[in-house]
J.: 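Submitted below is the structure of interest, expressed as structure tokens.
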Amino acid sequence: MSASWNYVFKFIITGDAAVGKSSILIRLTDQRFLANPDPTLGVEFGSKLIEIPEEGKVIKLQCWDTAGTESFRSITRSYYRGAAGCLLVYDVTSRRSFTNARTWLADVREHADPHLSCILVGNKTDLCDEPAPAGRPREVPTEEAELWAKEEGLLFVEASAKSGQNVELAFEQAARDILDKIRRGVFDDDRSPGVKLSKPVPNSLSLEHKRSTTCCS
Amino acid sequence: MEFFSQTYVALRGPTGAPQTAADTIGRLSDRLSPATLLADRRAAVLALKGLARDCKQDVGDRALPGLIEVLENDAEVDADIGKAALETLNILCETDDSASGHGARDLGFKHTDAVLATEKATHVLFTLLGDNSFYIRFATLQYLSTLLQNRRQIVQAYFLKSQAGPRSVIAVLEDKREIIRNEGISMVQALISQSPDIQKVLAFEGAFEKLFATITQEHGVEGGVVVLEALTCVESLLRFNSSNHSYFRETQLPPLLCTLLQFPPAMPFNEIAPQEFALQFWDDNKTANAAAVVRIIGMLLSTKANPAQEVPAFTRCLLEIALASNMPTPIKTQALRLLPTNLNYPLLELTVTPYMPVPETNGEEWDRLEAASALDALVELALHGEYNGLDAAKRSKDGLELRTAAVCVFENFSRKEENKQAIIATMLPAEGQNPKEYPPPRPLVHALIAPPNELDMALVTSTQLAALLFSHLLRASSSRVKSFAISLTPPPFHIAPTPTAGAFFVPADGVAPPAPPAAPEIDDDDPPQTLLQILSENLTLVSLARKRTDNSEREAREWDRLFVAYLSLFSQWLWDDAIAVREFLNAGGLSVLVEAINQTNEADSIIPGLCAFLLGICYEYNRQPGEITRSTIYPIISRLGVETLTGRMTRVREDERFKAVVPDSIVLPYPTPSHHPGLKPEADGEGEIWFDWAFVDFWKSNYFTVQRGLGTDADQLAASSGNAESAMLVASLREVIQKQAQEIEALTSKLGAASTAKSGEVVALEQKLSSLTTQLQESEDKRKEQDKEQEDLLVLLDELSNKRSRDKQRMKEAGLDVSEDEADDDEEDE
Ligand SMILES: Nc1nc2c(ncn2[C@@H]2O[C@H](COP(=O)(O)OP(=O)(O)O)[C@@H](O)[C@H]2O)c(=O)[nH]1
Ligand SMILES: [Mg+2]
């Protein structure tokens, strides 16, 4: 087994419950969508290799869904600290989830590495393309979210875990941003805990051979 | 005197009352307040620590809040006071053996609850854990361990809300100071217990990596107890935690598990496993560590979704451990049990080289045996036990566990029809072979037909295990396997060079064993016996041998064991197999059964019951014309009495040897049941086998059918519907169908070959066809489009001419000059 990537980036996905965090993760790693994800299934970690061709780099994304910690945010803070990238997710059909994104961002700002790359993701765009009753009206206009993201210095994209639209792009944009920071030397010598250079695989433990075995054959 | 009394008064305090311990403790507790000087606070804590064990209640009542405050305010500034406060708190909360004395335990819980009443103390502790001072860190770890031991869930909930928690814990895990790190690993074990959220956040923070770093640093499985604790932590981080599973698989760590056992994770399939892996020195400590590694490997193998890419390496590693290494027997057993039940590994193709200890070298020198397929080695292990049957005669429980685990793997492997047929193919004579030239006896058949002339413990066990293996091939088999079994004609039995070992393995570099004596001349008048006939004969021999009066109790029990093995095999073989029933009856099986059912000896309940069961099967599935028909058996059943037969069968279920069998454990202590006057184990840990779970299950699901069948008239086939005639019809039709199925199969494969040849053409034609269709569709579309366009134009034209005439009309009305017959002009501009 040899490492076929240049970097490992740790990502976390935060936001209100039910905005589609688990769904985004499953879409990224398995190219699937579950209409009724089983919350006990524990799809809370996934990883994926992505390529950034113009940089000639392959990146392994390790993503943690912070599910279950929505109730006690403090533990999520521990995840912030160790991450290089963050997807801050809201639901475009839920004003409330967008308003709460401010609180989540405040948390990120307080606890994460200052160089963490954060992308605001408006999820479930597919719902506003559908007529009722299947669909739901949009409650957060694209322009408003985009403006807020700009003010806060966040990347921004609208996506749909259901159709898959822009899901990979969201991760890619954040990864590009991190790569860019690395190139500019923002993280000198591995300072971000969420970024790791791939190192040679330690596939042989050097175990001491205290005694050797004789064998007559 | 005056002087003394004055001093005394001073000591007693101003009130004159003698100063009690409670007063002292109260005064000391007051001094913990931040208002006092640090030095005074320190002295007070030290004094309280001295009193804490003897006055646990008073110190707890008065000092707890003050001590926690000291922790919060002073510990980081002054390690001495911090350490003393932590130790005092620990004494107050202890509930284990060190908290001796009446009520001390209850007090420990009471104080723990007081400390954990709010999250504050726990948060202070996890913050302090980040402190790098040796004494503070160490004392904090100890105190956290005590709190976790007393009230784990509360501490866990507070930990999840604490800011500093995860990071402090990781810092402890990578602490260079061994004592701290080891204490930390113990604390973490309790902290992560049954809390997926904590497991997950610690994995995120790098706990796996830190733990494996420790394991490596401490010399892997050669290391001490800290390695075991670290491995146990890894195990608990993974168990029931799918998120951590996925993450762990992502890391570079899984191959290390193989490496820890010296097994090269990237070994090519056709290479032989290296000797550094196969032959190692083992002690208790290393055994415990290796067992933990094997457990983790087994756990990673068991996940169905997204299996790790190491699955082949892990599977092979476990197989090699069991079949071709000198690892301790319990680890081998564990390795076999952890192989997935839907084992999908080419056992016939994998080559392994088992080893044998060189006698008198105390396990320091080993012979390498000839390479064999993993399947052969597995069967050999089941039949004869480890190391070529070295200790098979001892029949230790450990050894039997290993052998039955091998049987289970065989069962799982042969559950797939194609594997079953591949195994059976190895038992058949090669095509075109002169039937007089026997193929070399396969160890499985060889052990199965071993004649029961002399009582040999090792031989009894291998026949018994051979019967278990063979029954796995027969149970729920296709008619193909069954018809093979019925026609199987094994070569005559030769005694192997050594009585216990299979003739199968020889040291790779040793001298070949003396060639077996040439097959005796076959008497042409006497056709060779089929396997079923041989086994029926052996059944008869054993039924005679077990009644010999000069048997010791132990010997009698061995004959019974063999008898039971044959009976269980026959029950499963004859079930729903009319041809096998006929063969069995023709071979004289009936009289053996009847005699055993009639047996007056009440001591043994199992054998008459099994015989009644088998008799019932012979009656129920007697559907082939033959000498002994249902009408022959019916009067025998009537004479024995259906009630009696059912009663005999019921007693089997009540027998301890039957009841004690559970899916994963069929080895019982010798003797079972234990209160047996004339029997005692020959050595500590002697075990015995009577039934396997598959048979117990078979019995339970078919018992009722057999019972009902016994109560049915001879001319009726009640238990399974239809009458004798139609049953015969069915049987003959079945044969026809079988033949036809084979023909169809042959034709299908011919057809397959033919159609592959044609398929190229067909594909080309299909492509052409589809492109033509597309073209056609396109031109059709185009034509339609043109039609429509034309129509549109006509409509437009029509509209235009209407308009034009209207305009002309209007122009006329306006008095303009209008030509009557113009083809084209530009007046239509409005
Ligand atoms: N229509 C639609 N539904 C979505 C989308 N993403 C998630 N959902 C649904 O929203 C619900 C909550 O999703 P989940 O991934 O569990 O959200 P989480 O609590 O943030 O992890 C589920 O019923 C999903 O099927 C999306 O892009 N479009
Ligand atoms: Mg979720």
J.: Give a yes or no on whether A:Lys60 atom NZ has more than 12 heavy-atom contacts from other residues, nucleotides or ligands under 6.0 Å away.
T.: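 Check passes, neighbour count above 12.
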J.: Decide if atom CZ of A:Arg95 counts as having more than 12 heavy atoms of other residues, nucleotides or ligands within a radius under 6.0 Å.
T.: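 Check passes, neighbour count above 12.
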J.: For the atom pair CZ (A:Arg81) and CZ (B:Arg167), what is the distance rounded to the nearest 0.5 Å?
T.: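 A:Arg81 CZ to B:Arg167 CZ: 4.0 Å, rounded to 0.5 Å.
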J.: Taking the side chain as C-beta and beyond, is there a heavy-atom pair between B:His245 and A:Phe45 under 4.5 Å?
T.: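 Contact flag for B:His245/A:Phe45 side chains = no.
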J.: Is the cationic atom of A:Lys10 (NZ for Lys, CZ for Arg) positioned less than 6.0 Å from the six-membered ring centroid of B:Phe204 and within 45 degrees of its normal?
T.: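 The answer is yes, since A:Lys10 meets both limits relative to B:Phe204.
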J.: For A:Gln31, look at atom CD and say whether over 12 heavy atoms of other residues, nucleotides or ligands are found less than 6.0 Å away.
T.: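 Check passes, neighbour count above 12.
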J.: Counting C-beta onward and ignoring hydrogens, is there a side-chain heavy-atom pair between A:Trp64 and B:Lys200 closer than 4.5 Å?
T.: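 Side-chain contact under 4.5 Å: yes.
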J.: May I have the list of side-chain donor-acceptor pairs in residues 169-176 of chain A shorter than 3.5 Å, sequence neighbours left out?
T.:
residue  : atom : partner : partner atom : Å
A:Arg176 : NE   : A:Glu54 : OE2          : 2.5
A:Arg176 : NH2  : A:Glu54 : OE2          : 3.0

